[in-house]
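So that the names make sense, note that chain A is the first sequence line, chain B the second, and so on, each numbered from 1.
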Amino acid sequence: MMIMYESLYQKLTTFCPSSSLLAVVASSPKLKSSSFHLRSSLFPPLKRRMATATYPPPPPYYRLYKDYSENPSSAPQPPPPIEGTYVCFGGNYTTEDVLPSLEEQGVPQLYPKDSNVDYKKELRSLNRELQLHILELADVLVGRPSQYAKRIGDISSIFKNLHHLLNSLRPHQARATLIHIMELQIQQRKQAVEDIKRRREEAQRLLKDAFVTLDGQ
Amino acid sequence: MDIISQLQEQVNSIAAITFNAFGTLQRDAPPVQLSPNYPEPPAPAAAAVAAATTTATDGDATAAFPEQPKQLSADLVKAAKQFDALVAALPLSEGGEEAQLKRIAELQVENDVIGQELQKQLEAAEKELKQVQELFGQAADNCLNMKKPE
């Protein structure tokens, strides 16, 4: 909800800097009739029940922005960005995006817990383990079919480890993308500087030539 | 698609092949004789009595049954090999988060320096543009003033 209102704030402040539009909106008879419409749609007689309801009216604090074009500081600032946890449509969300570690999800961690994990080696060894476990499951299903549950648990924990490893590669990927973008930007700026220098020199050369021809006249 | 997403897709497809393989094998498995004391089922006689078309498809399924585990296991091994190939193609160049952060700081400094130089060049170029425009205006005015109307 808060995010919707904040975006509406921004839309109002950027879209209608002139107060004329606000005056039109404030004085239009449509607003009054739309609230009447809303009331009639909320309690319709059973015969005339409408298939759709009208849009809700804009939030009432648009009136505070009447003098925004003359004095931008007379109107209240938009609400600051939310930090920490917030509730949105009944669900709890957090602004800090962190990959929850495997222990928090109750899954045993099958690769060594270092700060510098060798991703390729661990991914390959997890793949081999996965194949072995699948073979084991096939054997168990042939020989002792009632003992499948433990094997399936092992296989699912291997899959969870695999996905966790891949997800923990994402920040590395993000930083590598950032480095790539910055290198591109530096290259473009260098190119622009060269272009400007070149054109300035050419312009000065043209001017000198023009002066020479004028003096020669 | 970037390589990490491809790896994730590959893991999911390995899982899909696994459970599909086990599922089809369990569903399509022909019955197995539990003990040599039990009599042979009268399958050939019943097949001769029943309609020809249905037995043809059933016969195909039971005849082709030993091929299924071979195909499914070949698929599984192929998917695992592809996963290994994708892992080998991972561009994990320099080691560690610190090295990347250091590189980002260096690039930021260089970006700032070159941004300032760009700004300086831009301002000088705009100043020269204004001078040229002024000169051009004066020259145009002089031309206009020199032309006396007949």
Side-chain angles (χ1 to χ4, degrees), chain A residues 115-116 118-124 126-128 130-131 133-135 137-138 141-142 145 148 152 155-156 158-159 162-163 165-183 185-197 199-200 203-204 206-207 210 214, chain B residues 2-8 10-12 14-15 17-19 21-22 25-26 69 73 76-77 79-81 83-84 86-101 103-104 106-108 110-111 113-122 124-126 128-129 131-132 135 139:
Chain A
S115 52
N116 281 345
D118 184 3
Y119 289 102
K120 293 197 191 186
K121 189 166 72 90
E122 296 304 329
L123 281 171
R124 268 193 272 260
L126 275 175
N127 191 17
R128 274 276 163 344
L130 179 67
Q131 305 293 310
H133 275 79
I134 291 178
L135 267 180
L137 177 65
L141 284 176
V142 164
Y148 67 92
I152 301 246
I155 290 182
S156 76
I158 293 186
F159 272 122
L162 269 170
H163 274 293
L165 257 185
L166 287 175
N167 283 336
S168 58
L169 270 178
R170 289 288 186 189
H172 183 98
Q173 185 192 22
R175 282 188 289 266
T177 313
L178 181 62
I179 288 177
H180 181 69
I181 289 179
M182 284 175 83
E183 283 171 359
Q185 195 179 41
I186 287 180
Q187 204 185 2
Q188 280 173 351
R189 285 189 184 188
K190 280 191 182 147
Q191 187 71 25
V193 163
E194 289 304 310
D195 273 342
I196 291 183
K197 268 194 202 154
R199 289 193 196 250
R200 269 176 68 197
Q204 286 189 345
L206 280 173
L207 274 177
L214 271 179
Chain B
D2 63 308
I3 188 142
I4 299 190
S5 309
Q6 276 180 326
L7 273 165
Q8 286 172 326
Q10 196 61 27
V11 169
N12 291 343
I14 288 181
I17 290 174
T18 309
F19 56 67
F22 283 125
L25 286 175
Q26 282 182 334
S73 50
L76 185 62
V77 170
K81 283 210 173 103
F83 180 79
D84 275 337
L86 281 173
V87 164
L90 267 179
L92 278 176
S93 46
E94 63 268 6
E97 181 180 338
E98 305 90 14
Q100 276 185 324
L101 289 172
R103 176 95 178 111
I104 288 179
E106 285 170 17
L107 283 172
Q108 258 182 327
E110 194 178 338
N111 206 7
V113 160
I114 207 161
Q116 279 169 3
E117 173 154 359
L118 182 62
Q119 183 75 15
K120 227 170 36 163
Q121 290 280 332
L122 199 61
E126 279 185 9
E128 285 177 16
L129 177 67
Q131 282 174 345
V132 167
L135 279 174

**Student:** Report the distance from atom NZ of B/Lys120 to atom CD1 of A/Ile196, rounding to the nearest 0.5 Å.
**Tutor:**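 The NZ atom of B/Lys120 sits 12.0 Å away from the CD1 atom of A/Ile196.
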**Student:** A/Glu183 versus B/Arg103: any side-chain heavy-atom pair under 4.5 Å?
**Tutor:**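 A/Glu183 reaches B/Arg103 side chain to side chain.
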**Student:** How long is the span from the CG atom in B/Leu7 to the OH atom in A/Tyr119, to the nearest 0.5 Å?
**Tutor:**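 Those atoms lie 13.0 Å apart.
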**Student:** Would a 4.5 Å heavy-atom cut-off, applied to side chains only, mark B/Gln100 and A/Leu178 as touching?
**Tutor:** no
**Student:** What residue among B/Ile14, B/Val87, B/Val11 forms side chain to side chain contact (heavy atoms under 4.5 Å, CB included) with A/Asn127?
**Tutor:** B/Ile14
**Student:** Quickly, which of A/Lys197, A/Arg200, A/Glu194 forms a side-chain hydrogen bond (donor to acceptor under 3.5 Å, both in side chains) with B/Gln121? Name it, please.
**Tutor:** A/Arg200
**Student:** Mind checking the CG-CD spacing from B/Leu107 to A/Gln185? Nearest 0.5 Å is all I need.
**Tutor:** 10.0 Å
**Student:** In terms of heavy-atom proximity below 4.5 Å to chain A, should B/Gln26 be classed as side chain, backbone, both, or neither?
**Tutor:** side chain
**Student:** Nearest 0.5 Å please: distance from the NE2 atom of A/His172 over to the CD1 atom of B/Ile4.
**Tutor:** 8.0 Å
**Student:** Looking at B/Asp2 and A/Arg170, is any side-chain nitrogen of the basic one under 4.0 Å from a carboxylate oxygen of the acidic one?
**Tutor:**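 Result for this pair is yes, salt bridge flagged.
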**Student:** Please classify the contact between A/Ala138 and chain B as side chain, backbone, both or neither, with a heavy-atom cut-off of under 4.5 Å.
**Tutor:**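 Looking at A/Ala138, backbone and side chain both touch chain B.
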**Student:** Identify, with sequence neighbours excluded, every residue that meets salt bridge (Lys or Arg N to Asp or Glu O under 4.0 Å) alongside A/Lys190.
**Tutor:**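 Result, salt bridge (Lys or Arg N to Asp or Glu O under 4.0 Å) vs A/Lys190: B/Glu110.
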**Student:** Any salt bridge between A/Arg199 and B/Glu128, counting N to O under 4.0 Å?
**Tutor:** no
**Student:** Show your reasoning for whether side chain to side chain contact (heavy atoms under 4.5 Å, CB included) applies to A/Ile134 and B/Phe22.
**Tutor:** CA-CA 10 Å; A/Ile134 291 178; B/Phe22 283 125; 4.0 Å; yes
**Student:** Are B/Phe83 and A/Leu162 packed together at the side-chain level, in the sense that at least one heavy-atom pair is separated by less than 4.5 angstrom?
**Tutor:** yes
**Student:** Taking the side chain as C-beta and beyond, is there a heavy-atom pair between B/Asn12 and A/His163 under 4.5 Å?
**Tutor:**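 Contact flag for B/Asn12/A/His163 side chains = yes.
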**Student:** Select, from A/Met182, A/Gln204, A/Arg189, the one with the greatest count of heavy-atom pairs under 4.5 Å involving chain B.
**Tutor:**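 Option with the greatest count: A/Arg189.
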**Student:** Return the option, out of A/Leu137, A/Leu207, A/Leu130, with the maximum number of heavy-atom pairs under 4.5 Å with chain B.
**Tutor:**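 The option with the most such pairs is A/Leu137.
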**Student:** Sort B/Val113 into side chain, backbone, both or neither according to what part of it lies under 4.5 angstrom from a heavy atom of chain A.
**Tutor:** neither
**Student:** CD1 of B/Ile114 to CD of A/Gln188: how many Å apart, nearest 0.5 Å?
**Tutor:** 11.0 Å
**Student:** State which residues pass salt bridge (Lys or Arg N to Asp or Glu O under 4.0 Å) with A/Arg124; sequence neighbours excluded, sorted by chain then number.
**Tutor:** none
**Student:** With only heavy atoms counted, which part of A/Ile155 is less than 4.5 Å from chain B, the side chain, the backbone, both or neither?
**Tutor:**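 For A/Ile155, there is no contact with chain B at all, as no heavy atom is under 4.5 Å.
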**Student:** Is any side-chain heavy atom of B/Leu90 closer than 4.5 Å to a side-chain heavy atom of A/Leu169?
**Tutor:**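 When only atoms from C-beta onward are counted, A/Leu169 and B/Leu90 do touch, with a gap below 4.5 Å.
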**Student:** Non-hydrogen atoms of chain B under 4.5 Å away: do they reach the side chain of A/Leu123, the backbone, both or neither?
**Tutor:**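 Both the backbone and the side chain of A/Leu123 come within 4.5 Å of chain B.
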**Student:** I'd like to know which of B/Ile3, B/Leu122, B/Asn111 tops the heavy-atom pair count under 4.5 Å against chain A.
**Tutor:** B/Asn111
**Student:** Side chain, backbone, both or neither: which part of B/Ser5 has an atom under 4.5 Å from a heavy atom of chain A?
**Tutor:** both
**Student:** Could you tell me which portion of B/Ala88 (side chain, backbone, both or neither) has an atom closer than 4.5 angstrom to a non-hydrogen atom of chain A?
**Tutor:** both
**Student:** Rounded to the nearest 0.5 Å, what separates atom CD in A/Gln191 from atom CG in B/Leu118?
**Tutor:** 11.5 Å
